[in-house]
Amino acid sequence: MINITFPDGNVRQYEAGTNAIDIAKSISHGLAKKVVSANVNGEVWDATRAINEDAKVQLLTFDDKDGKATFWHSSAHLMAEALEILYPGTKFGAGPSIDNGFYYDIDPGETTITLSDLPKIEKKMLELAREKNDYIRQETSKADAISYFKEKGDEYKLELLEKLNDGEITLYKQGNFVDLCKGPHIANTGDIKAIKLMNVAGAYWQGDENRQQMTRIYGVTFPKQKQLTEYLELLEEAKKRDHRKLGAELELFMFSQKVGSGLPIWLPKGTALRTRLEDFLKQEQIKRGYTPVITPHIGKKDLYVTSGHWEKYGEDSFSPILTPREGEEFLLKPMNCPHHCEIFGHKPHSYKELPIRIAEFGTVYRYEQSGELHGLTRVRGFTQDDAHIFCTPDQLKDEFLGVLDLTMHVISKLGFKDFTAQISLRDPEKNEKYIGSDENWEKAESAIIEATKEVGLETTTELGEAAFYGPKLDFMVKDALGRSWQLGTIQVDYNLPERFELEYIGADNQPHRPVMIHRAPFGSMERFIGVLIEHCAGKFPLWLSPEQFAILPISDRFNDYCNEIKDQLAAHDIRGIIDDRSESIGRKIRDTELKKIPFMLIVGEKEVAENKVAVRIQGEGDKGAMSVQEFADYFATLL
RNA sequence: GCCGGUGUAGCUCAGUUGGCCAGAGCAGCUGAUUUGUAAUCAGCGGGUCGGCGGUUCGAAUCCGUCCACCGGCUCCA
């Protein structure tokens, strides 16, 4: 007998060689049906794999993250089986589970698989699922595995095999399909009841753009049909929040083929929104001792040679523009920091002046490949809420903490609760990717780690994600479709001050090199607003709303009264419009609802007589009549 | 940049296997209506069918090429 310890600390005894399904059966039959895999001593195992020794076991169902991964990974194998039948000779790459399903990268040879082929593949998968084949795990020697895939002609599997050690190789088989796989898998294909293949895309083999482009097929599956229906409904909902759709509908911004792709054009309402965001941060920064500056949109190429950006990112900038007579080379500025370094360097500084915090909403232009462009979140021209702090090494940590406080203030003020903070350090294996001394890197990295610890911020750490000049802390938020976007960023930099030979005179009357912090709480106005639109589904926080109310007269006899109301509200700093079209009140309400204007103030005979307005809240309905003063007071409580 | 898809009026979409002057709803304009909590009625205007080139007696429809957009990949100071 062996001892099985459950997550709640309970210990039960089982025969050696038991498995997760049997353990589940001993608890309840319902549970046994739902078990897809099990966490055994920290490793996810097949639910049918024999457990021979004492172990800590957590049974996993589709409701667990790891359970989903098992289910979807098995679904990828099922799809591969279907593909092998429908497209004989297909070569298989890798087919993992992902956050929302699974994919398989395949090389179908001469055949092209398109969207219209997916229903056929789905159908075949369902057929195979109904055959109720077991997923069978089989340990194998490297030599046997190689000979199997050699005979099959699966060169990608052979390449994967090369990296594996003999003795740790397993194959999984369901039906007639055998795959190189470390598992784990569900017990039987029959558990897969609902299947939807989402799309096809190109993907480079091993993620290397110099190698073969594979066909990647994405799909998602569920144990119950109802779950699939719900998932598809969720996707529909998410689409409605898409900032590209809402941005057009609410007339916030536009793109023009003539102006150029990736170059957002801000319409009046979007500009109103953006200006309010900028003003909010500008005021906050003044309070916190920042000095606003303005620098040109272009800078000599030499400036970026000095900063190192030209060497590192020259190809990702717009090509230099030339002065017509002298032939001097200028870059459309891809970064504000070199300009700000020049500001710091234009006169000598005493240590008594530090820290110096130079802030600018600086518009920058970068060449993004055409296929990268995406709404407001990936563009070729954007405005950073940029600032650079020049301080002494002793001040670094306090300054970092100050920036952290500002960034978190901004994020919470905008209603983001679900964000993650990522510490990006250098990859110690790839020193050539970075500039600057080891000593400086270590100092910078530990400053970030200590500061985040001190404020108790939950972080993840990524090696190799640092900027080339220093480590950084990024704030990431997910959009409506679950894609993760970087918003605010804080970066420590010992290197630019060196490249620009920046100095201050210390208490010892000797020159010293300042440390620099790059930071942008929003990141870029474009991306931030794009994510904000999706976050609030176009219903912005009241203080940002381009129009806070619409006054809707029931007949044009009340227009004069409406104008008075509007003036009175303006005196309370509440902004809005009057819809004085000769339309029915029902129509005016509908149109205002669709524009997502937070308050409708309806004015008719009764309201004029009582000197009131009938308040209706967007998305909620009639709230009854109030005087202007009452409304203004109520409004103030919502800000 | 690479793979796949899409591109018809301001918006959402019809348009059979290439064949009369390319259609609808909404929006717009004009007029009527003066309305009580999510679409008042009538009339009218509006499209080089993404651009260019080709095949054909004839192209929105077939071919080529370029552009833009969508989903991914790669990249992201």
Side-chain angles (χ1 to χ4, degrees), chain A residues 103 105 112-118 198-218 239 242 244-245 248-249 251 254-258 260-262 304 307-317 333-338 364 366-375 377-379 384 386 465-470 472 481 483 485-486 489 491 493 496 518 520 527 552-559 580-594 600-607 614-625:
Chain A
Y103 66 79
D105 284 347
T112 309
I113 294 177
T114 68
L115 226 47
S116 56
D117 297 312
L118 298 185
M198 307 301 291
N199 53 48
V200 257
Y204 301 107
W205 173 237
Q206 299 285 306
D208 182 344
E209 64 179 318
N210 299 311
R211 303 203 58 184
Q212 171 77 26
Q213 182 132 26
M214 317 279 288
T215 300
R216 176 171 295 180
I217 305 178
Y218 287 90
K239 263 192 206 161
D242 193 313
R244 292 166 298 184
K245 186 176 152 66
E249 279 172 10
E251 295 182 335
M254 59 171 271
F255 290 91
S256 147
Q257 278 199 31
K258 282 211 180 94
S261 63
Y304 298 98
S307 71
H309 289 106
W310 175 251
E311 190 195 340
K312 208 81 189 169
Y313 292 105
E315 292 192 351
D316 299 319
S317 302
K333 80 172 164 185
M335 286 293 280
N336 301 303
C337 34
V364 297
R366 298 176 183 177
Y367 169 69
E368 300 283 356
Q369 300 186 102
S370 55
E372 312 294 353
L373 301 172
H374 183 96
T377 46
R378 193 78 187 267
V379 288
Q384 296 178 314
D386 214 354
E465 293 291 309
F468 72 92
Y469 51 72
K472 56 181 183 169
L481 295 170
R483 290 176 288 220
W485 296 101
Q486 178 201 312
T489 182
Q491 311 176 355
D493 184 358
L496 273 188
H518 310 240
R527 176 174 292 179
L552 312 181
I554 278 171
S555 146
D556 55 17
R557 285 181 291 142
F558 313 119
N559 284 355
D580 57 5
R581 295 175 301 163
S582 90
E583 290 288 351
S584 69
I585 192 65
R587 161 55 75 96
K588 290 181 185 181
I589 287 171
R590 179 182 156 78
D591 289 347
T592 311
E593 286 279 350
L594 292 175
M600 280 153 269
L601 306 177
I602 295 160
V603 170
E605 192 85 58
K606 216 164 40 179
E607 286 73 25
V615 177
R616 181 188 162 104
I617 299 180
Q618 199 271 346
E620 291 184 30
D622 192 5
K623 293 291 155 179

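Worth knowing before you read on, the calculation uses all heavy atoms, side chains too, and leaves out hydrogens, waters and symmetry mates. Throughout, a chain's letter reflects where its sequence line sits, starting with A, and its residues are numbered from 1.
In this model, the phosphate group of rC69(B) is not approached by any side-chain N or O of R244(A) to a distance below 4.0 Å at OP1 or OP2. Of the side-chain N and O atoms in S582(A), none sit less than 4.0 angstrom from OP1 or OP2 of rU33(B). Using a 4.0 Å cut-off, some side-chain N or O of Y313(A) falls inside it from OP1 or OP2 of rA77(B). For S370(A) and rG1(B), the shortest distance from a side-chain N or O to OP1 or OP2 is below 4.0 Å. Look at S584(A) and you'll find a side-chain N or O under 4.0 angstrom from OP1 or OP2 of rU40(B). Phosphate proximity of rA27(B) to R587(A): present, with a side-chain N or O under 4.0 Å from OP1 or OP2. For rC73(B), neither phosphate oxygen OP1 nor OP2 lies less than 4.0 angstrom from any side-chain nitrogen or oxygen of R211(A). Distances shown here put every side-chain N or O of H374(A) at or beyond 4.0 Å from the OP1 or OP2 atom of rC69(B).
Using a 4.0 Å heavy-atom distance criterion, I585(A) is classed as a sugar-phosphate-only contact. Here D556(A) lies in heavy-atom contact (under 4.0 Å) with a base. Counting any heavy atom pair closer than 4.0 Å across all strands shown, R378(A) reaches a base atom. Note on G604(A): a base of the nucleic acid sits closer than 4.0 angstrom, heavy atoms only. Across all strands shown, E607(A) has heavy atoms under 4.0 Å from base atoms, whether or not it also approaches the sugar-phosphate. Nucleic acid contact for Y218(A): sugar-phosphate only, since backbone atoms but no base atoms lie under 4.0 Å from a heavy atom of the residue. Contact annotation for D316(A): base contact, defined as any heavy-atom pair under 4.0 Å involving a base atom. If you check every strand for non-hydrogen atoms under 4.0 Å, A614(A) touches a base. Counting non-hydrogen atoms under 4.0 angstrom, R616(A) reaches a base of the nucleic acid. If you check every strand for non-hydrogen atoms under 4.0 Å, G371(A) touches a base.
Put simply, CG on D105(A) and OG1 on T215(A) are 8.5 Å apart, with the number rounded to the nearest 0.5 Å. A distance of 12.0 Å separates CD of E372(A) from OG of S261(A), quoted to the nearest 0.5 Å.
Separation of the P atoms belonging to rU30(B) and rU35(B) is 23 Å when rounded to the nearest angstrom. Across rU17(B) and rU74(B), the matching C1' atoms stand 42 Å from one another, rounded to whole Å. For the C1' atoms, the distance linking rG72(B) with rU37(B) amounts to 46 Å, nearest Å. Nucleotides rG15(B) and rA59(B), compared at atom C1', are 14 Å apart to the nearest Å.
Straight-line distance from the CG atom of D208(A) to the C1' atom of rC75(B): 12 Å, rounded to whole Å. Atom-to-atom, CG of L115(A) to P of rG4(B) comes out at 13 Å; the value is rounded to the nearest Å. The CD atom of Q257(A) sits 11 Å away from the C1' atom of rC66(B) (whole-angstrom rounding). As a whole-Å value, the separation of I113(A) CD1 from rG5(B) P is 12 Å. Distance, M198(A) CE to rG4(B) C1': 16 Å, rounded to whole Å. Rounded to a whole Å, the CG atom of L552(A) is 14 Å from the P atom of rG36(B). Atom CD in E368(A) sits roughly 10 Å away from atom P in rC76(B) (whole-Å rounding). In this structure, L373(A) places its CG atom 8 Å from P of rA68(B), rounding to the nearest Å.
Checking side-chain atoms of E593(A) against main-chain N and O of Q618(A) turns up no donor-acceptor pair under 3.5 Å. Of the possible polar contacts, one joining the K588(A) side chain to the R581(A) backbone as a donor-acceptor pair under 3.5 Å is found. Formation of a donor-acceptor pair under 3.5 Å by the R216(A) side chain with backbone atoms of A201(A) is not found in this model. At least one donor-acceptor pair under 3.5 Å links the side chain of R527(A) to the backbone N or O of T377(A).
For S555(A), taking side-chain heavy atoms from C-beta onward, the closest of the listed nucleotides rG4(B), rU34(B), rA68(B) is rU34(B). Considering only the side chain of R590(A), rA38(B) comes nearest among rA38(B), rC70(B), rC75(B). Side-chain proximity of I589(A) to the nucleotides rC76(B), rC73(B), rU37(B) is greatest for rU37(B). Checking rA77(B), rA38(B), rG1(B) against every side-chain atom of Y367(A), the shortest atom distance belongs to rG1(B). Of the candidate nucleotides rA39(B), rC73(B), rA77(B), rA77(B) has the atom nearest to the side chain of Q491(A). Nearest to the side-chain atoms of Y469(A) among the listed nucleotides rC75(B), rA77(B), rG36(B) stands rA77(B). Closest contact between the side chain of K472(A) and the listed nucleotides rA77(B), rU35(B), rC73(B) involves rA77(B). For D622(A), the side-chain atoms get nearest to rU37(B) when compared with the rest of rG1(B), rC76(B), rU37(B). Set against rA77(B), rC69(B), rC75(B), the side chain of S261(A) has rC69(B) as its closest nucleotide. Closest to the E605(A) side chain, of the nucleotides rG36(B), rU34(B), rG1(B), is rG36(B).
Below the 3.5 angstrom threshold, one finds no donor paired with an acceptor across the side chain of E583(A) and the base of rU35(B). Residue side chain Y204(A) reaches the base of rG1(B) through a donor-acceptor N/O pair under 3.5 Å, judged by distance alone.
Scanning both residues, E607(A) and I602(A), for their nearest heavy atoms gives CG-O, 3.5 Å. Counting all heavy atoms, side chain and backbone alike, V200(A) lies closest to T114(A) at CG2-C, 3.9 Å. Contact record, D580(A) with P553(A): CA-CG, 4.2 Å, taken as the closest heavy-atom pair. Contact detail for R211(A) and Y204(A): the closest heavy-atom pair is O-CD2, 3.9 Å.
Taking for each of A203(A) and K606(A) the nucleotide of RNA chain B with the nearest heavy atom, the 5'-most of the two is the partner of K606(A). When each of M214(A) and E593(A) is assigned the nucleotide of RNA chain B bearing its nearest heavy atom, the one mapping closer to the 5' terminus is M214(A).
Taking the side chain as every heavy atom from C-beta outward, E583(A) and D591(A) never approach each other to under 4.5 Å.
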Structure string for RNA chain B in dot-bracket form, Watson-Crick and G-U at under 3.5 Å, | interchain = (((((((..((((.....[...)))).(((((.......))))).....(((((..]....))))))))))))....

Distances for protein N/O vs nucleotides 11-13 of chain B N/O pairs under 3.5 angstrom?
none

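Ion pairing of K472(A) with E465(A) is absent here, as no side-chain N (NZ or NE/NH1/NH2) approaches a carboxylate O to less than 4.0 Å.
Residue-environment remark: CD (E249(A)) exceeds the threshold of 12 foreign heavy atoms within 6.0 Å.
Taking the six-membered ring for Trp, Y313(A) and Y304(A) have ring centres at least 6.0 Å apart.
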